[in-house]
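Just the heavy atoms: all of them, side chains too, but no hydrogens, waters or symmetry mates, feed the values below. Per chain, numbering begins at 1; letters A, B, ... match sequence-line order.
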2 protein chains.
Amino acid sequence: MVQLLNNRSNSGDRVRRRAEGRRQEILRAAARVFRRRGFDTAGMREIAEEADLSPGNLYHYFNGKHEILYFCQDRALDTMLNALDRSGTCAGTVADRLTFVLTAHVRCILDDMEGAAAHLAVDALPGELRGHIVAKRDRYESGVRKLVEEGGQNGEFQVREPVIITRAILGSLNWTAQWFDPEGRKAPGDVAEIIAAYLIRGLKGDTRA
Amino acid sequence: MVQLLNNRSNSGDRVRRRAEGRRQEILRAAARVFRRRGFDTAGMREIAEEADLSPGNLYHYFNGKHEILYFCQDRALDTMLNALDRSGTCAGTVADRLTFVLTAHVRCILDDMEGAAAHLAVDALPGELRGHIVAKRDRYESGVRKLVEEGGQNGEFQVREPVIITRAILGSLNWTAQWFDPEGRKAPGDVAEIIAAYLIRGLKGDTRA
DNA sequence: TTAATAATTGAACCATCGTTCAATTCTACA
DNA sequence: TGTAGAATTGAACGATGGTTCAATTATTAA
């Protein structure tokens, strides 16, 4: 009896893992479509087709299109917040740590396998879902800004408007989704390094002045 | 008779000027709605309401939503190309000229009265309309890149990847539409100056290296 | 093997949106 | 003043897209 219950619990776990796997598949398919089309013109039928399901099946796993977007952005932000956290354990200068964060940001956005959606506007999300994403995004932005300010405090950077400069930096990174060509000559990692190096040089200032 | 014909010609001019004025009103209203909502979720009813017209009336002046977007972007790009052209007559360094162009770019995007739409993707435009806008956008981007390269050639800048760096710059500028708060403490001109200065510092490099 | 439940399908439903249209009003001209 | 044509209205139309649903299939457990 106990064994049977244990067996049921084990198969329950397997069923749950299969359902969770299906959710992740749908999220990856959705992120690819969101990146290709933008949220507003990405359709549920196209997402379903991309995930090899029927449109109605999406609603077995999610409460609707907004929730799919929510989880896509949540996942992308987790990836970025993770990189931000790991930068704290990096040896090296603040510039090194910021490089780590900025390159991870670009990789996340341009990732063809995962097809991040973090660069998409949160306006499309309703009420409470939006609140969660905005809070996470603000934590990430705040973390990046703190690195910028920390560099200012230890003399590596000269920045008088960290809020605006941090947004200028993030804007540059996010806009890569608009122009990056997966078939192009540069890999995402290369683009990430080039842009990060340039953006950080702008923080270091012109020592000749 | 000749006088009557002349009078008719004069009133014909007035009628045409009034029609053209109406078109400009509609374009400004549309640009505000496009900026607020994005092209895809901006509706013709909302544009009509913003312009104090009925929805059907829009079609008296334009062939459809796509054409309205086309003219909005065309106008914004004309403003930016104009700034680029005028920068050629500027006295001063390449950095001065680039500052002029970048600040004009940001002002254009954040302009509350004109509500530019140049940062919007061109994907929404069909065939030939898109071709025209892409060509103009490419001319503008090419012009900005030539300034970046010119600074590299005369020693003001150190840039090894001008294509990517130019896109990083334009991305930073375009993204300001996402976060700029018209009710905020900074005016568009201030934001433009701060961001342009930072982006150009990144071009100048780290002379300590 | 059977029954219960989950997963899946794909068409239908309803709301929305771009666009058209018949009717009305306005303007310009004779 | 009357007429022709432009401008305008706002509802209707057809297409689209998010979502629901009845029916079917698959899976799991007894």
Side-chain angles (χ1 to χ4, degrees), chain A residues 1-26 29-30 33-34 36-70 72 124-126 129, chain B residues 1-26 29-30 33-34 37-72 124-126 129:
Chain A
M1 185 60 147
V2 172
Q3 278 175 336
L4 286 176
L5 284 172
N6 281 347
N7 282 346
R8 197 171 84 182
S9 173
N10 284 346
S11 69
D13 280 352
R14 190 169 71 252
V15 164
R16 273 194 285 281
R17 281 200 303 272
R18 202 170 62 238
E20 187 50 35
R22 182 67 107 195
R23 278 173 62 95
Q24 293 303 317
E25 277 180 41
I26 293 172
V33 178
F34 288 150
R36 200 153 67 221
R37 301 248 181 252
F39 175 75
D40 297 310
T41 50
M44 293 295 269
R45 286 164 185 77
E46 189 173 348
I47 292 169
E49 193 175 350
E50 182 88 11
D52 275 321
L53 300 171
S54 65
N57 204 196
L58 298 176
Y59 296 85
H60 181 71
Y61 295 97
F62 295 96
N63 284 320
K65 193 183 180 190
H66 288 117
E67 202 181 69
I68 293 177
L69 176 65
Y70 168 80
C72 282
L125 291 170
L129 292 183
Chain B
M1 185 62 145
V2 172
Q3 277 175 335
L4 286 175
L5 285 173
N6 281 348
N7 283 348
R8 197 170 82 181
S9 173
N10 285 344
S11 73
D13 281 352
R14 190 168 72 250
V15 163
R16 274 194 285 279
R17 282 199 304 273
R18 202 168 65 237
E20 186 52 35
R22 182 68 106 193
R23 279 173 61 94
Q24 293 304 318
E25 278 181 40
I26 292 171
V33 177
F34 289 149
R37 301 246 181 254
F39 175 76
D40 298 309
T41 49
M44 292 295 269
R45 286 164 185 74
E46 188 173 349
I47 292 169
E49 194 175 350
E50 183 86 11
D52 276 321
L53 299 172
S54 65
N57 203 197
L58 297 177
Y59 296 86
H60 180 71
Y61 296 95
F62 295 95
N63 285 322
K65 192 184 183 189
H66 289 116
E67 202 179 70
I68 292 178
L69 175 66
Y70 168 78
F71 281 112
C72 282
L125 291 171
L129 293 183

Kindly write out the residues that satisfy salt bridge (Lys or Arg N to Asp or Glu O under 4.0 Å) with Glu49(A), not counting sequence neighbours, or none if the list is empty. none
Could you state the [atom1]-[atom2] distance from [X] to [N], rounded to the nearest angstrom?
X	N	atom1	atom2	value
Arg17(B)	dT27(C)	CZ	C1'	16 Å
Arg14(B)	dC29(C)	CZ	C1'	12 Å
Phe62(A)	dT20(D)	CZ	C1'	18 Å

Partners meeting side-chain contact (heavy atoms from CB on, under 4.5 Å) with Arg37(B) (sequence neighbours left out): Val33(B), Thr41(B), Ala42(B), Glu46(B)
By side chain to side chain donor-acceptor pair (under 3.5 Å) - contacts of Arg22(A) (at least two apart): Glu25(A)
Could you work out, with side chain to side chain donor-acceptor pair (under 3.5 Å) as the rule, every residue matching Asn63(B), not counting sequence neighbours? Glu67(B)
Per-nucleotide protein contact along nucleotides 6-19 of chain D, 5' to 3', at a 4.0 Å heavy-atom cut-off (B base, S sugar-phosphate only, - neither), is -SBBB-B----BBB
Can you list everything that forms a ring-ring contact (aromatic ring centres under 6.0 Å, His included) with Phe39(B)? Sequence neighbours excluded, please.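 ring-ring contact (aromatic ring centres under 6.0 Å, His included) check on Phe39(B) returns Phe34(B), His66(B).
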